[in-house]
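Quick notes on the structure that follows.
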Amino acid sequence: MIEETDISDEKLLNAYKNLIMERVMDKKMLNASRQGFLPFYIPLMGHEAMHIGLGLALRKQDFIYPYYRDFGVLLQMGIPIDTIMSQVFATANDNALGRAMPDHFSLKKYNIGAVITTVAGHLMSATGIAYARKYREIDGGVLTTFGDGATSTPDFHVAMNFAGVYNLPLVFFCENNGFAISVPTYPNESGQTDAYEETKGMIYKKAEAYGFSGIRVDGTNFIEVYKNTRKALENSNNTPILIEAMSYRMGPHSTADDPNKYRKNDVTEGSEKDPVIVSQRLLKEMNILDDNKIKEIEDETEDSSSKLINKYEKAAKPDKNTILDNLYEEEPWYITEERGDLQ
Amino acid sequence: MIEETDISDEKLLNAYKNLIMERVMDKKMLNASRQGFLPFYIPLMGHEAMHIGLGLALRKQDFIYPYYRDFGVLLQMGIPIDTIMSQVFATANDNALGRAMPDHFSLKKYNIGAVITTVAGHLMSATGIAYARKYREIDGGVLTTFGDGATSTPDFHVAMNFAGVYNLPLVFFCENNGFAISVPTYPNESGQTDAYEETKGMIYKKAEAYGFSGIRVDGTNFIEVYKNTRKALENSNNTPILIEAMSYRMGPHSTADDPNKYRKNDVTEGSEKDPVIVSQRLLKEMNILDDNKIKEIEDETEDSSSKLINKYEKAAKPDKNTILDNLYEEEPWYITEERGDLQ
Amino acid sequence: MVYYRRKGRFAVTSMTMVKALNSALDNAMERDDSIILLGEDVGVDGGVFRVTDNLIKKYGSARVMDTPLSELGIVGFGIGMSMAGLRAIPEIQFQDFIYTAMDQIISQMAKLRYRTNGDYTLPMVLRTPYAGGVHGGPYHSQSGEEYFATTQGLTVVTPSNPYDAKGLLLSSLNLNDPVIFLEPKRLYYAGKMDVPDDYYTVDLRKAKLLNEGDDISIITYGPAVPLVMNTVKKNNINADVIDLRTINPFDIDAILKSVQKTTRVLIVTESPKMFGVSAEISATLAEKAIDYLSAPILRVAGLDIPIPFALEDYYVPNEKRIMNAVNKIMQYR
Amino acid sequence: MVYYRRKGRFAVTSMTMVKALNSALDNAMERDDSIILLGEDVGVDGGVFRVTDNLIKKYGSARVMDTPLSELGIVGFGIGMSMAGLRAIPEIQFQDFIYTAMDQIISQMAKLRYRTNGDYTLPMVLRTPYAGGVHGGPYHSQSGEEYFATTQGLTVVTPSNPYDAKGLLLSSLNLNDPVIFLEPKRLYYAGKMDVPDDYYTVDLRKAKLLNEGDDISIITYGPAVPLVMNTVKKNNINADVIDLRTINPFDIDAILKSVQKTTRVLIVTESPKMFGVSAEISATLAEKAIDYLSAPILRVAGLDIPIPFALEDYYVPNEKRIMNAVNKIMQYR
Ligand SMILES: Cc1ncc(C[n+]2csc(CCOP(=O)(O)OP(=O)(O)O)c2C)c(N)n1
Ligand SMILES: Cc1ncc(C[n+]2csc(CCOP(=O)(O)OP(=O)(O)O)c2C)c(N)n1
Ligand SMILES: [Mg+2]
Ligand SMILES: [Mg+2]
């Protein structure tokens, strides 16, 4: 079935290119990390359609507070690639001087929050940002992303509650990839955990407890993600909303993780639910893509991404003398003293 | 309408006596606190029917983790009055040596948890206790109480989630008295707050987000509270449950509070929704009570409660030399040193 | 209690600390519509200690917000607001309940400027009543300043009188960094002093020398200050009394200067001794001033236990314990 | 690294710290069916560092529980279990995330025995990997022992080698009080040593003298121990090296005894200096041993900042900083 959409073919094709870019970059960065060029890396495979859909949905006036697995959102948003790569490779050019882990972006000027490692630790911040924008009558919505595991946290409950109570322009976007590291959102056949049942795992339904509504979307379909999220952002002045996007974490949780310990990989690259395959099918049906074009994009991407990785692998690291900067606006005496220790 | 019930008239009459006892004691203790005999006091008026109903529902094999406003539950459970009063008046006889605030009972031997001031701080403890009893295949359920305000806390969410995930024998009992100090659960006519709406305040419905069910009961009707809670305790091996009991906090939040700042008192003593009036009506319809009997019980209670208060007002306070006892099983050197400071 | 007064071009009113804080909030909110108060019962009720009394009438419920019962939410909401250009003043009803917001404080509030290298800054003042005085047992009497002092990125401030309370709060609101503002509840209504009605500030990074003397330096702050001052007066101790006002970063110069003169040091806090704030003051001196010291550095503090409801009065430092320590220090040869 | 060995009637295996901890848990669970492990990914996955590897296979999912993602829940669940007669061992995946459970730790876990005067006791051991070593940035490298040390009612333990790790963990499980068991993740796989396969304990309240010398006392613990020992060996420092093992309550006798001998003191921690654990050690000495000291008490510690991802190696103490301090202390006259 051809999806109806209000965006141009050109935009869709471009989105597809970004999606492929994310896939290819992901592999190369995982590789870079295995070779020691990246000390840590958070794989993206399986999340691409959500990311590209979100990036398409976000307007200039919107604000996003992402979590740590949202590389592709920034790609699609059009954030300069140097800004993105300098962060991921923690280079001297990173606006945060490589202080945060890879994919922990902080880009105030692009309306992007400061990604935090603590699961759900940003949800109340997003809620407060939504309040501030409402107070200042700023146009646009606020969107925040998080994983399925995050819905078990205190912060999820409290943020949902505040958003409901103050009726904030806030879109809660859950990237449900089926796992919180090794713990599945839903039970799997091997019965490795008896902790979750499908009914308990209906994340989108949790919104009702807070007096607003939740919807579920196909997180492997970037057009569906785009449309629902855009609508939510446009409507969010009336009420908050929770969107649960169903996907699958196709890779390990992080470079420190070995998924073979706890699951069979149900969704593999090239399989029916792979977001790349889904996207190709969608765009082919819309006559935007064909096999030649697919190959062409792949080759181009392969090339450009290799160059990028090479460049940032070799980029200079932050100067150690910056280490004590910017803890406070006015430096305390003991920080000044500690500058001596560095010499 | 006469309520059907499976308890004897004698038991019901006795429950009524306890309910009156709670009412009368409450006034006298509030008074004692105003005169400085009790440094702090948490009023109970409006909660009596919930307390008596809970006390009736609890069986020997059940465990209760109460919150700080549950004096009457212990009264109805048949906890020795000396044990109760020694705690409230923080006397030398209190099993906790007056270390906790009034109404913060801790009575392990009676299957009663250690009341904590932090709102909802005990909910995960109750959840863990329910797990331990399930693990040890101990007969009976676990019940925990809390206020409406407590449902906004992190602990509420996390405890509900754990109870659902591990399917614990746990009854969550919310004493919804309409207020968290000054903040109403539901909006009131004067529109003092725009923070809550009725739909958002449907506390019992929140259970659905965790995969089990919630019910709402009339918290001014002790028989309804009793029956529903007993049923829940009996069933709780199959699934947790959330009970929301609707009532009204007729007095101030605490002795430090002045409700005139934030509300008109909608439910006053002697009015239709006063639990005492509701109980009298119920028991009269059942022919268990008449006006003479009501007067007789009132007089008896007036007398016995005065004697009690007098006795405990004058009871000896804990010895200061106990202050450093029982921080650890094995005393650290610095605590031993600090014993010297007391002399 | 000895207070210093500021007279002259400002109209002054005799105020309790609660009133002084209320006046500071009022002045600040009037000048700056980016300031938002939020917390449990801070609106209609005016706060359980009345610090925010009447402000909702003047500034409305969009700026004085009664929140749901969650400290995590209150602090987190304030953080978000301040990230977006407002200046939030969250209130935690009692310090004892702040632990439910500890992750927001340690992980987000304290680290935001550093971890983003200043991309985001966090101008916010987290207020909370702390320490004893209301006989509220283990969960209404805690101090806990050590948890914040040891958290890199926070500024920890505590006043000891109405004048400082207002001036320090207004200074805190000028910082572009998060402040933990600890209000000693035992001093809320402990006495009045003349406080300017108008806006003024007190330097956050300067300790106050409350008494001058040559024999001993007594370093203290917040709730313990009046006890120390009364003890010093009553017993004619020839002491420098230093009120830190800001616990972190504390005024190292004021301390060193005094200790070089007196060579004897006592530190008095209401919070417990072990691993407390007093330890850092002592350790700093053991590092920087060892040769000046002619006696052990002693500490008089709350006992190292939770606060027992019935026996709170034995828990807190008192005149006798202070005098025992002073005598030990003075007699040391 | 110098380790002491225990040979003889026990079979020993060469183990990493991770394996030693795993072995301790296995021994304990075998002896006592009231022991329950719980945490994120501790079951099927065996823990992100593999400390609980394979235990779910042997003991089942009722005793090795994969929990929902909430540290508040994990700690609170454990508290409830232990109140009801079990002995819970909650794991926090990284110390950095423990702050979301701070209220449970401070308000319930630490205070339960005292506030009920022993009506309830809380035999539980809260385990968590801490400090640096995996280059995980601001939220995978924190230490934070000061937050627990300053919480009255907790026992804070940290091993520095596989043998101690197992023995201290088993001792902790014999206490009827809550223990915070901090595992230096940089030492998890840092080397192997012979560890008995069977059950044994190491005294919780005794520090370990790892090296004997007359010139200086170096007091340290946990993640900083190998660095200190390597520095001492390499530079031939004639030092007492004291591994505290238990941070609170620490072994005051061992410290005083050493300091009376050497008269010079350095404290080394990986966690930051200001208001840290090192401050209390120093302050205790400034109170009890001032006359023995012939030099300032210095501290070498992590910098007083969050841990920067790219520059972690400059954040932690190193040989050069230790030698600078040692030289300063030794040259002091
Ligand atoms: C509060 C907290 N606890 C534990 C962790 C360690 N941790 C990192 S990611 C993760 C799982 C998160 O799962 P989910 O929310 O589903 O997001 P996903 O990683 O699957 O995208 C855990 C447990 C953390 N970062 N924060
Ligand atoms: C975590 C926490 N925050 C704040 C407080 C202060 N406080 C005590 S009771 C209360 C309101 C509780 O309301 P509710 O849960 O409805 O119970 P009620 O007192 O009405 O019975 C507040 C805010 C507290 N005890 N704990
Ligand atoms: Mg997930
Ligand atoms: Mg209530």
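Below, each value reflects all heavy atoms present in this structure, side chains not excepted, and no hydrogens, waters or symmetry copies. Letters A, B, ... are given to chains in the order of the sequence lines, protein chains preceding strands, and every chain is numbered from 1. In this text the structure is predicted, and so the values were computed from the model without any measurement.
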Interface residues of residues 111-121 of chain D facing chain C - heavy atom cut-off under 4.5 Å: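 The list, in residue order, reads D:Lys111, D:Tyr114, D:Arg115.
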- Message: Does anything in residues 246-255 of chain D reach chain C? List residues with heavy atoms under 4.5 Å apart, or say none.
- Response: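 Listed by number: D:Ile247, D:Asn248, D:Phe250.
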For each of [options], tally heavy-atom pairs with chain D at distances under 4.5 Å, and name the one with the top tally.
| options | value |
| --- | --- |
| C:Ile307, C:Asp291, C:Thr284 | C:Asp291 |
| C:Val277, C:Asp96, C:Val265, C:Ile105 | C:Val277 |
| C:Glu71, C:Gln104, C:Gln142 | C:Gln142 |

Separation between [atom1] of [X] and [atom2] of [Y], rounded to the nearest 0.5 Å:
| X | Y | atom1 | atom2 | result |
| --- | --- | --- | --- | --- |
| D:Met102 | C:Ile106 | CE | CD1 | 5.5 Å |
| D:Gln152 | C:Ile305 | CD | CD1 | 8.5 Å |
| D:Tyr332 | C:Ile290 | OH | CD1 | 7.5 Å |

Please classify the contact of [X] with chain D as side chain, backbone, both or neither, using a heavy-atom distance under 4.5 Å.
| X | result |
| --- | --- |
| C:Ile297 | both |
| C:Tyr139 | side chain |
| C:Ser271 | neither |
| C:Phe309 | neither |

Exercise. Hey, does the side chain of D:Thr100 reach the backbone of C:Asp103 with a donor-acceptor pair shorter than 3.5 angstrom?
Worked result: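 Answer holds: no.
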Worksheet entry | Evaluation steps, side-chain contact (heavy atoms from CB on, under 4.5 Å), between D:Thr151 and C:Phe275 | CA-CA 9 Å; D:Thr151 302; C:Phe275 301 95; over 6 Å; no
### D:Ala289 versus chain C, the contacting section by heavy-atom distance below 4.5 Å
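Neither part.
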Which heavy atom in [X] sits nearest to a heavy atom in [Y], and how many Å separate them?
| X | Y | answer |
| --- | --- | --- |
| D:Glu280 | C:Gly276 | OE1-N, 4.2 Å |
| C:Ala286 | D:Ser282 | CB-OG, 3.6 Å |
| C:Ser107 | D:Tyr99 | OG-CD1, 3.9 Å |

(request) For D:Lys257, look at atom NZ and say whether over 12 heavy atoms of other residues, nucleotides or ligands are found less than 6.0 Å away. (result)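 No, because the 6.0 Å sphere around NZ of D:Lys257 holds 12 heavy atoms or fewer from other groups.
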- For chain C, which of D:Gly153, D:Pro308, D:Pro138 has the most heavy-atom pairs under 4.5 Å?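 Sorted descending by pairs with chain C, the first entry is D:Pro308.
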Hey, are D:Lys273 and C:Glu287 close enough for a salt bridge, meaning a charged N less than 4.0 Å from a carboxylate O?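 A salt bridge is present here (some side-chain N lies under 4.0 Å from a carboxylate O).
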